[in-house]
Amino acid sequence: MNTGSVPESAPSIVREIRKLESLLETPENLPESYIVGVGYDGEKRQAFLKLYEPKLHRIFLWYDDTGHKPYCLAQDPISALEANQSIVRHLGFERFEQVKKYDALRDEEIQLVRIVAKDPLAIGGRAYGSIRDMIKAWEADIKYVENYIYDRSICPGMPYQVKKGKLVRVDHKLPSDMVHAVESLLGKESEDYRRLALEWIRLLECPVPEFYRASLDIEVAQDIATRMPDPSMAEQPIICVSLADSKGKKQVFLLKRFGVNEDEEKLPKDAEIHYFEKEEDLISSLFVAISSYPIIITFNGDDFDLRYLWNRAQLKAFNRQQIPVEMGRETATTKNGIHIDLYKFFFNRSIQIYAFGQKYRENTLDEIGTALLGVGKIPIEKSVSELSYGELASYCLRDAEITLSLTEFKEDLVMKLIAALSRISFMSFEDVSRQGVSNWIRSTLYNEHRRRNFLIPRADDIIALKGTTSTEAVIKGKKYKGAIVVEPTPGIHFSVAVLDFASLYPSIIKVWNLGYETIRCPHKDAACKDNKVPGTPHWVCKKNRALESLLIGSLRDLRVNWYKPRSKDKTLSDDVRSLYNVIQNALKVILNASYGVFGSDRFALYCPPVAEATAAIGRYAITSTIEKAHSTGMNVVYGDTDSIFLGNPSPEQLNELIDWSKTFLKMELEVDKRYRYLVLSSRKKNYLGVLPDGSVDIKGLTGKKRHIPEFLKRVFYEMIEILSKVQSTEEFEEAKTKIKGIVKNCYLMLRDRRFKLEDLAFNVMISKSPSDYTKTTPQHVKAAEILSDHGTEVRAGDLISFVKVLGESGVKPVQLATVEEVDTGKYIEYLESTFEQVLDALGTDFQELAGTKKLESFLGDN
DNA sequence: GCGGACTGCTTACCT
DNA sequence: ACAGGTAAGCAGTCCGCG
């Protein structure tokens with residue numbers, strides 16, 4: 001590796017970085033600081049915390065002072081373990097300790113042996129020679145820093161102080177009226193539940209500081225414009241780096257290269273521009289700058305920017321002490337701060353859907369920036385190597401600015417969201433922003449197990465004792481039966497009330513006491529065995545309360561009864577409201593996944609009957625509610641999973657149903673919304689509802705789907721616009737005439753080929769690399785293959801734009817097609833089916849609308 | 001060899 | 001790397017057709 005000579009600037013940068021590092025040594029006394037990172041120092045063999053001090057805007061490291069050590073648990077007696085030479089003589093072995101734990105799976109106290117090790121790798125993580133592979137071990141797959149957090153009751157994201165070297169929790173007292181309000185909400189819940197709920201409130205109500213941070217983006221010289229440089233090789237020079245920080249400072253580091261055009265007027269005006277003759281000097285200066293920030297934000301820095309920098313610096317003869325970056329196998333962090341990689345955070349499906357409402361489709365900086373901020377990347381025609389200094393600096397800085405802005409918009413929403421998720425899941429900012437929802441839930445549950453001295457069960461033990469499902473899924477290949485969708489009554493329904501259960505599945509988990517411990521519990525008594533889950537052979541424990549039920553239940557109740565109402569409460573200040581909105585969104589993300597994880601074999605506490613029971617009780621709840629509605633004389637026109645749509649119910653009828661649900665199901669049924677009218681076809685998950693204010697809910701209709709051509713979407717929304725104005729049955733006739741006009745016009749445009757090609761493009765996401773489609777070759781894959789043949793690389797996750805054309809293949813990438821070859825007949829078919837979904841509910845069909853003939857016949861032979 | 005009935009694959013959506 | 005249920009379009013296969 002270290003081939004070049006030691007950079008001349010090395011001594012000075014070491015001095016600079018040392019100076020900054022000395023600031024990191026935690027003083028004997030540290031004022032209120034927030035835990036944002038938790039790590040393990042392999043040399044010192046100690047866990048450490050990264051504490052963010054909000055007044056100095058700096059991160060301090062605090063090293064564990066309790067001698068906490070890695071360990072796992074075994075069931076064999078100590079004598080047997082002592083005879084096991086591979087353990088006792090293991091270099092990392094330290095000692096055995098006798099411990100008592102509660103085994104929730106079997107409902108009994110048990111004796112275990114704690115095998116304490118000198119370092120985490122001795123327990124597990126090595127290819128061979130790990131203690132956990134030598135015996136049946138418990139709690140051996142938990143990352144060491146997580147063990148540390150749980151065992152020391154540390155709450156990441158929360159404020160602490162250091163007093164005389166000791167770590168001390170800082171308590172922000174809750175206002176007493178708040179405590180009273182929460183107490184009264186909790187009503188007659190159990191002591192356990194109340195304590196938990198108050199603890200959540202303590203964590204979630206605690207203020208979140210402002211985080212000083214900088215975004216980083218690097219550009220690397222390229223030979224071939226389309227190929228991404230390989231960060232593990234780091235062969236090409238770094239030619240430009242931008243930093244944009246939350247105090248407004250912007251810096252661009254440019255490498256001087258032969259023959260590059262200055263282009264001064266294109267240089268960003270509000271940034272400091274630093275030129276470097278040598279790449280080594282650029283890197284040195286950059287390292288000093290990076291070291292001065294407590295938080296570095298990147299977009300894909302784990303896999304690219306920081307990894308490239310790290311490898312490039314070593315190629316340029318920097319030694320590891322000189323590089324302020326710490327590389328993990330899949331992650332990168334800064335030595336004296338933390339690194340948040342937004343690519344991973346925004347890629348998270350739950351975050352995409354529940355926190356950002358699927359506003360962005362492709363996980364690229366350009367797409368996310370455009371969707372959330374209205375600012376995209378600066379388009380460039382050539383490779384970055386060919387840009388002038390001005391163009392390059394502007395391009396690179398824009399990326400850094402977008403990256404920073406993604407953490408700043410809506411009053412630092414993303415930072416607050418990460419903080420809230422960190423507090424709920426007991427994971428550091430760095431971990432929580434990189435992991436998915438199943439790991440957040442796992443961590444929340446693990447933490448509670450430790451707090452109560454419950455043994456954390458092994459996945460294979462849960463399956464061996466509770467692995468069975470008994471219902472049959474509608475969809476082939478699924479493990480168990482899911483939700484019910486009520487057959488819609490086609491037609492137009494006026495004055496529809498939509499009722500739904502507030503967080504149905506979390507409510508079920510709470511009310512029915514579901515958890516891996518309680519489903520099919522080991523007790524022989526009739527009390528438990530007779531407590532059957534409707535529609536399944538499963539029973540639920542009557543003796544003990546499941547941790548999952550307590551945790552998910554309390555989080556649900558806080559969201560529904562506390563955070564959600566307060567996020568809309570106009571009497572609260574904007575700041576408080578927006579923080580509450582972030583919290584209720586964080587809770588939503590977690591609650592929405594809280595049932596699904598039990599049905600996912602990748603979840604550490606995977607327990608199929610828990611998931612199956614939850615869905616079964618959901619079916620029971622909706623079917624019995626529908627029966628009750630019928631018996632009260634109401635007209636149920638539709639329903640899906642947790643909702644029922646009622647045609648013109650009286651207020652008395654509604655109240656009766658809601659009261660009934662509360663009494664008999666112990667579930668909160670509420671009026672979610674009302675439609676002036678609702679248009680239903682015979683298709684499930686497909687409807688159009690007009691709200692009192694004229695706004696329109698569109699669900700599942702083709703006209704709304706993202707992949708369909710723009711031109712179809714336009715006519716579809718023209719139709720919606722007309723329908724939204726309709727007030728009565730009579731007005732539908734007028735509406736139909738207008739719609740007829742639109743459609744006629746539309747097919748004439750198609751016939752005469754009066755359209756822009758891009759408006760006819762389908763945009764379909766390709767989920768795998770084209771060569772991985774072995775069973776069939778769908779049209780978008782065909783188009784992708786044509787693209788590859790023309791030298792445009794296609795990767796999983798790309799959006800493929802193609803038009804339907806006449807001829808052999810049937811499709812062409814939009815870039816390569818012409819207006820003349822478009823298969824207009826196909827588009828007419830699409831027009832028909834898109835409109836049919838709405839029209840057959842209006843009692844019309846396409847032929848009637850367009851005259852007597854099929855539209856295609858107007859077009860002749862094409 | 002061709003077309004219709006069928007199944008399976010794929011994507012996008014709903015809760 | 002949370003679940004199952006539904007719609008739509010197309011690819012591929014099977015079968016009958018003297």
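None of the values given here were measured: they were computed from a predicted structure. Residue numbering restarts at 1 for every chain, and letters A, B, ... go by the order of the sequence lines.
Residue A/S594 is classed as having no contact, given no heavy-atom separation below 4.0 Å to the nucleic acid. At the heavy-atom level, A/G482 lies under 4.0 Å from the strands shown only through sugar-phosphate atoms. Backbone-only contact: A/R683 has heavy atoms under 4.0 Å from sugar-phosphate atoms and none from a base. When heavy atoms are screened at a 4.0 angstrom cut-off, A/R619 is found touching no nucleic acid atom at all. Residue contacts for A/Y480: at a heavy-atom cut-off of 4.0 Å it reaches the sugar-phosphate backbone alone, with no base atom in range. When heavy atoms are screened at a 4.0 angstrom cut-off, A/A473 is found touching the sugar-phosphate backbone but no base atom. Across all strands shown, A/Y830 has heavy atoms under 4.0 Å from sugar-phosphate atoms exclusively, and none from any base. Using a 4.0 Å heavy-atom criterion, one finds that A/G700 contacts the sugar-phosphate atoms exclusively. Nucleic acid contact class of A/N686 (heavy atoms, under 4.0 Å, all strands): sugar-phosphate only. Within the 4.0 angstrom heavy-atom criterion, no nucleotide atom of any strand lies near A/S643. Backbone-only contact: A/Y687 has heavy atoms under 4.0 Å from sugar-phosphate atoms and none from a base. Residue A/R706 is classed as a sugar-phosphate contact, given heavy-atom separations below 4.0 Å to backbone atoms only.
Here the C1' atom of nucleotide B/dT15 and the NZ atom of A/K673 are 12 Å apart, to the nearest Å. Counting to the nearest Å, the C1' atom of C/dA7 and the NE2 atom of A/H707 are 10 Å from each other. With rounding to whole Å, A/I475 atom CD1 is found 14 Å from B/dC9 atom P. Atom CD1 of A/I552 and atom C1' of C/dC2 are 11 Å apart (whole Å). Taking atom CG of residue A/N763 and atom C1' of nucleotide B/dT10, one finds them 16 Å apart after rounding to whole Å. Regarding A/K782, its NZ atom lies at a distance of 12 Å from the C1' atom of C/dG9, rounded to whole Å. One can place CG of A/L701 at 12 Å from C1' of B/dC14, the figure rounded to the nearest angstrom. Atom NZ of A/K478 and atom P of C/dG5 are 8 Å apart (whole Å).
Both A/Y773 and A/K704 lie close to DNA chain B; mapped to their nearest nucleotides by heavy-atom distance, the more 5′-ward contact belongs to A/Y773. Comparing A/I484 and A/N592 along DNA chain C, the residue whose closest nucleotide (by nearest heavy atom) sits nearer the 5' end is A/N592.
In terms of phosphate contacts, A/K684 brings a side-chain nitrogen or oxygen within less than 4.0 Å of OP1 or OP2 of C/dT6. OP1 or OP2 of C/dA7 has not a single side-chain nitrogen or oxygen of A/K705 nearer than 4.0 Å. Taking side-chain N and O atoms only, A/K768 has a distance below 4.0 Å to OP1 or OP2 of B/dT10. Listed pair A/S438 / C/dC2 meets the phosphate criterion, a side-chain N or O lying under 4.0 Å from OP1 or OP2. Contact annotation: A/Q837 side-chain N/O to C/dA8 OP1/OP2 distance is under 4.0 Å.
You'll find that the side chain of A/D640 is closest to B/dT15, out of C/dG9, B/dT15, B/dC9. For A/H780, the side-chain atoms get nearest to B/dT11 when compared with the rest of B/dT11, C/dC2, C/dG5. Side chain of A/V474, nearest nucleotide from B/dA12, C/dT6, C/dG4: C/dT6. Of the candidate nucleotides C/dG9, C/dA1, C/dG5, C/dA1 has the atom nearest to the side chain of A/R602. Counting only heavy atoms from C-beta on, A/V597 has its side chain closest to C/dC2 among B/dT15, C/dC2, C/dA1. The side chain of A/K699 lies closest to B/dT15 when the candidates are B/dT15, C/dT6, C/dA11. Nearest nucleotide to the side chain of A/T641, out of C/dC10, B/dA12, B/dT15: B/dT15. You'll find that the side chain of A/Q779 is closest to C/dC10, out of C/dC10, C/dC2, C/dA7. Among C/dG12, B/dC14, C/dG4, the nucleotide with an atom closest to any side-chain atom of A/T776 is C/dG12. The nucleotide whose nearest atom lies closest to any side-chain atom of A/V437 is, among C/dC2, B/dC14, B/dA12, C/dC2.
Heavy-atom neighbours of A/R683 CZ from other residues, nucleotides or ligands within 6.0 Å: above the threshold of 12.
Annotation: cation-pi geometry not satisfied between A/K782 and A/F802 (NZ/CZ under 6.0 angstrom from ring centroid, within 45° of ring axis). Geometrically, A/K768 engages A/Y773 in a cation-pi contact defined by less than 6.0 Å to the ring centre and at most 45° from the axis.
Residues A/E146 and A/R442 are paired through a salt bridge, judged by an N-O separation under 4.0 Å between the basic side chain and the carboxylate.
Taking the centre of each ring, A/F835 and A/F716 stay at or above the 6.0 Å mark. Remark: aromatic rings of A/Y827 and A/F755 are distant, center separation not under 6.0 Å.
Side-chain contact check for A/S661 versus A/F501: some heavy-atom pair is nearer than 4.5 Å.
The side-chain hydrogen bond (donor to acceptor under 3.5 Å, both in side chains) test with A/T702 is passed by exactly one of A/Q837, A/E836, A/K713: A/Q837.
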